[in-house]
S.K.: 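Below are the structure tokens for one structure; questions will follow.
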Amino acid sequence: GAAVIGAFAEIAESIRAVSTQCTISYLNIARGHVVCDAQVTEPVESLRKQLEKSGQVECSVDVQVTTTAGKDIAKMTATWVILKRRTPAL
């Protein structure tokens with residue numbers, strides 16, 4: 001969720017993000033601390049234009065989980081639907 005809200009930070013109060021699907025592949029057993037890196041896969045400016053035009057847009061976020069030593073632990077893809085709020089958030 002942080003990757004999605006970060007991508008739409010300037011308008012975060014006027015949108016609603018709903019996770020609709022998630023797939024994960026476990027690659028290794030995690031031992032110790034892990035680090036997650038999440039990236040929205042589509043160009044954010046294109047997503048914002050689609051949101052403005054239609055009131056909603058679907059986007060994917062790729063997540064990689066590694067140990068602090070760089071060993072791959074898991075990979076995940078999450079699908080989100082971003083909706084414009086009908087009224088501003090309070």
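Below, all heavy atoms of this structure are taken into account, side chains as well, without hydrogens, waters or symmetry copies. Small disclaimer: the values here were computed from a predicted structure and weren't measured.
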S.K.: Start with the C-alpha gap between Glu52 and Lys84, add the side-chain angles, then the distance that decides, and say whether salt bridge (charged side-chain N to carboxylate O under 4.0 Å, His left out) holds.
M.R.: CA-CA 8 Å; Glu52 186 59 36; Lys84 288 172 83 175; 3.5 Å; yes
S.K.: With a 4.5 Å cut-off on side-chain heavy atoms, are Ile11 and Leu51 touching?
M.R.: yes
S.K.: Compare all side-chain heavy atoms of Lys75 with those of Leu27 and state whether any distance is below 4.5 angstrom.
M.R.: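 SC-SC contact between Lys75 and Leu27 confirmed.
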S.K.: Just by distance, do the side chain of Arg48 and the backbone of Ala7 share a donor-acceptor pair under 3.5 Å?
M.R.: yes
S.K.: Please report the shortest heavy-atom distance between Ser19 and Trp80, naming the atom on each side.
M.R.: N-CE3, 3.4 Å
S.K.: Between Glu42 (side chain only) and Ser60 (backbone N and O only), is there a donor and an acceptor less than 3.5 Å apart?
M.R.: yes
S.K.: Roughly how far apart are Thr67 OG1 and His33 NE2, rounded to 0.5 Å?
M.R.: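 Output value for this atom pair is 11.5 Å.
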S.K.: How close do Leu47 and Glu58 get, heavy atom to heavy atom, and via which atoms?
M.R.: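 What the structure gives for the nearest pair is CD2-O, 3.8 Å.
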S.K.: Are the side chain of Asn28 and the backbone of Asp72 linked by a donor-acceptor contact shorter than 3.5 Å?
M.R.: yes
S.K.: How many angstroms lie between CD1 in Ile73 and CZ in Arg31, if you round to the nearest 0.5 Å?
M.R.: 9.0 Å
S.K.: Membership question, hydrophobic clusters at under 4.5 Å side-chain separation (ILVMFWY): are Val65 and Tyr26 in the same one?
M.R.: yes
S.K.: State yes or no: do Leu83 and Ile15 share one hydrophobic cluster built from I, L, V, M, F, W and Y residues joined by side-chain heavy-atom distances below 4.5 Å, directly or via other members?
M.R.: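 Leu83 does not cluster with Ile15.
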S.K.: State, to 0.1 Å, how close Val40 and Cys59 come at their nearest heavy-atom pair, and which atoms those are.
M.R.: CG1-CB, 4.5 Å
S.K.: Is there a chain of hydrophobic side chains (I, L, V, M, F, W, Y, each step under 4.5 Å between heavy atoms) that links Val18 to Met76?
M.R.: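 No, Val18 does not connect to Met76 through the hydrophobic network.
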S.K.: May I have the step-by-step check of side-chain contact (heavy atoms from CB on, under 4.5 Å) for Val63 and Val61, ending in yes or no?
M.R.: CA-CA 6 Å; Val63 181; Val61 176; 4.1 Å; yes
